[in-house]
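Notes to accompany the following structure.
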Protein chains: 2
Amino acid sequence: MRRDIFQAIADPTRRAIIALIAVQAMTPNAIAEHFDTTRQAVSKHLKILSECDLIKQEQQGREIYYLLEIEKMKEIDKWLEQFRKIWETRFEQLDQLLATLKKNK
Amino acid sequence: MRRDIFQAIADPTRRAIIALIAVQAMTPNAIAEHFDTTRQAVSKHLKILSECDLIKQEQQGREIYYLLEIEKMKEIDKWLEQFRKIWETRFEQLDQLLATLKKNK
DNA sequence: ATTTTGCGAAACCAATTGGTTGCGCGTATA
DNA sequence: TATACGCGCAACCAATTGGTTTCGCAAAAT
């Protein structure tokens with residue numbers, strides 16, 4: 001199936017995982033210990049996150065550490081850009097309205 | 001079921017709908033005409049978007065116009081904030097690294 | 001060499017999803 | 001009043017989801 005970042009962050013557990021490994025790379029087991037779920041379930045989430053390149057793995061002895069591809073997160077920011085323009089425009093309009101009201105008083 | 005904005009924007013059709021009505025409020029039929037889907041399917045998407053307060057409706061004669069609650073979009077931006085801090089820090093670190101390399105040359 | 005451990009893949013289940021079709025209600029238009 | 005249209009709801013289907021349990025593999029520890 002087609003996966004993208006927005007699918008990936010739709011799940012609260014995955015958002016938590018992202019926030020977790022953003023601070024420090026971790027193994028699937030370590031991640032699972034932070035939530036009330038099993039290692040396999042975490043593994044499934046990690047797979048989804050991997051599929052859309054939001055995380056990458058790093059071998060360390062016999063353990064595999066997962067870490068966040070922070071660059072990929074910027075794509076969400078990029079998508080938000082179009083709306084940021086809108087709400088900034090609205091703010092300016094509100095600002096102008098207030099200025100006009102003040103002037104006419 | 002529990003719904004949130006991240007669930008809402010997970011679907012590409014819904015993101016398209018959001019972008020569409022961000023520019024101009026529209027009726028379900030008008031929205032459906034922009035995509036290769038039926039009015040009922042659009043209606044379902046609108047329901048989901050409504051459930052998490054991303055859009056609101058406005059009666060206009062016998063038609064109902066849907067418009068974006070741009071303020072709600074800021075919540076995504078708010079969530080991104082924690083990661084923005086990270087990538088800005090990394091950028092600074094890269095900047096410092098480059099400066100050090102230059103200095104040592 | 002044997003045991004233990006961590007890991008991912010596969011099979012399976014219950015719940016949710018997007019989509020369709022069909023129905024009934026309310027509002028304009030004739 | 002009668003007709004046509006736009007809308008949302010309910011029922012249904014195929015596909016996907018998150019979760020569990022089970023299994024086999026490979027690396028470390030004994």
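Quick note on labels: first sequence line is chain A, next is B, and so on, each numbered from 1. All values reported here derive from a predicted model rather than from experimental measurement.
Atom CD in A:Gln59 sits about 9 Å away from atom P in C:dG8, given to the nearest Å. Rounded to a whole Å, the CD atom of A:Gln7 is 17 Å from the P atom of C:dT16. Between the C1' atom of D:dG8 and the CG atom of B:Asn29 lies a distance of 12 Å, rounded to the nearest Å. Here the C1' atom of nucleotide C:dG18 and the CD atom of B:Glu51 are 14 Å apart, to the nearest Å. Computed from coordinates, the B:Glu33 CD to D:dC5 C1' distance equals 13 Å when rounded to whole Å. If you take CD of B:Glu63 and P of C:dG26, they are 18 Å apart, rounded to a whole angstrom. Distance A:Phe35 CZ to D:dG19 C1': 15 Å, rounded to the nearest Å. The interatomic distance linking B:Glu58 (CD) with D:dC7 (P) rounds to 15 Å, in whole Å.
At a cut-off of 3.5 angstrom, the base of D:dG8 holds no donor-acceptor pair with the side chain of B:Lys47. The base of D:dG6 has none of its N or O atoms less than 3.5 Å from a complementary donor or acceptor on the side chain of B:Arg39. Counting atom types as modelled, A:Gln40 pairs a side-chain N or O with a base atom of D:dT22 as donor and acceptor under 3.5 Å.
Here B:Leu46 lies out of heavy-atom contact (under 4.0 Å) with every strand. The residue A:Tyr65 sits apart from the nucleic acid: no heavy atom pair falls under 4.0 Å.
Residue A:Arg14 has a polar side-chain atom (N or O) positioned under 4.0 Å from OP1 or OP2 of D:dG18. In this structure, A:His45 does not reach the D:dT17 phosphate: none of its side-chain N or O atoms is under 4.0 Å from OP1 or OP2. Between A:Ser43 and C:dC7, a side-chain N or O to OP1/OP2 separation shorter than 4.0 Å is absent. Note on B:Thr27: a side-chain N or O is less than 4.0 Å away from OP1 or OP2 of D:dC7. The phosphate of D:dG8 has OP1 or OP2 within less than 4.0 Å of a side-chain N or O from B:Tyr66.
Considering only the side chain of A:Pro28, C:dC7 comes nearest among D:dG18, C:dC7, D:dT20.
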| task | Tell me, with the steps shown, if B:Lys78 and B:Glu75 meet salt bridge (charged side-chain N to carboxylate O under 4.0 Å, His left out). | result | CA-CA 5 Å; B:Lys78 201 175 164 188; B:Glu75 287 190 19; over 6 Å; no
| task | Assess whether side chain to side chain contact (heavy atoms under 4.5 Å, CB included) is satisfied between B:Arg14 and B:Ile9, documenting all intermediate values. | result | CA-CA 6 Å; B:Arg14 278 200 291 273; B:Ile9 62 166; over 6 Å; no
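Comparing A:Thr37 and A:Arg62 against DNA chain D, the residue whose closest nucleotide sits nearer the 5' end is A:Thr37. Each of A:Thr13 and B:Ile64 was matched to the nucleotide of DNA chain D holding its nearest heavy atom; the match closer to the 5' end belongs to B:Ile64.
Put simply, A:Ile55 and A:Leu67 are part of two different groups of oily side chains (I, L, V, M, F, W, Y) that touch within less than 4.5 Å, one to the next.
Environment of CD in A:Glu81: crowded, with over 12 heavy atoms of neighbouring residues, nucleotides or ligands closer than 6.0 Å. Counting non-hydrogen atoms of neighbouring residues, nucleotides and ligands closer than 6.0 angstrom, the CD atom of B:Gln59 exceeds 12 such neighbours.
Taking all atoms of both residues into account, the shortest heavy-atom contact from B:Lys72 to B:Cys52 is CE-O, 3.2 Å.
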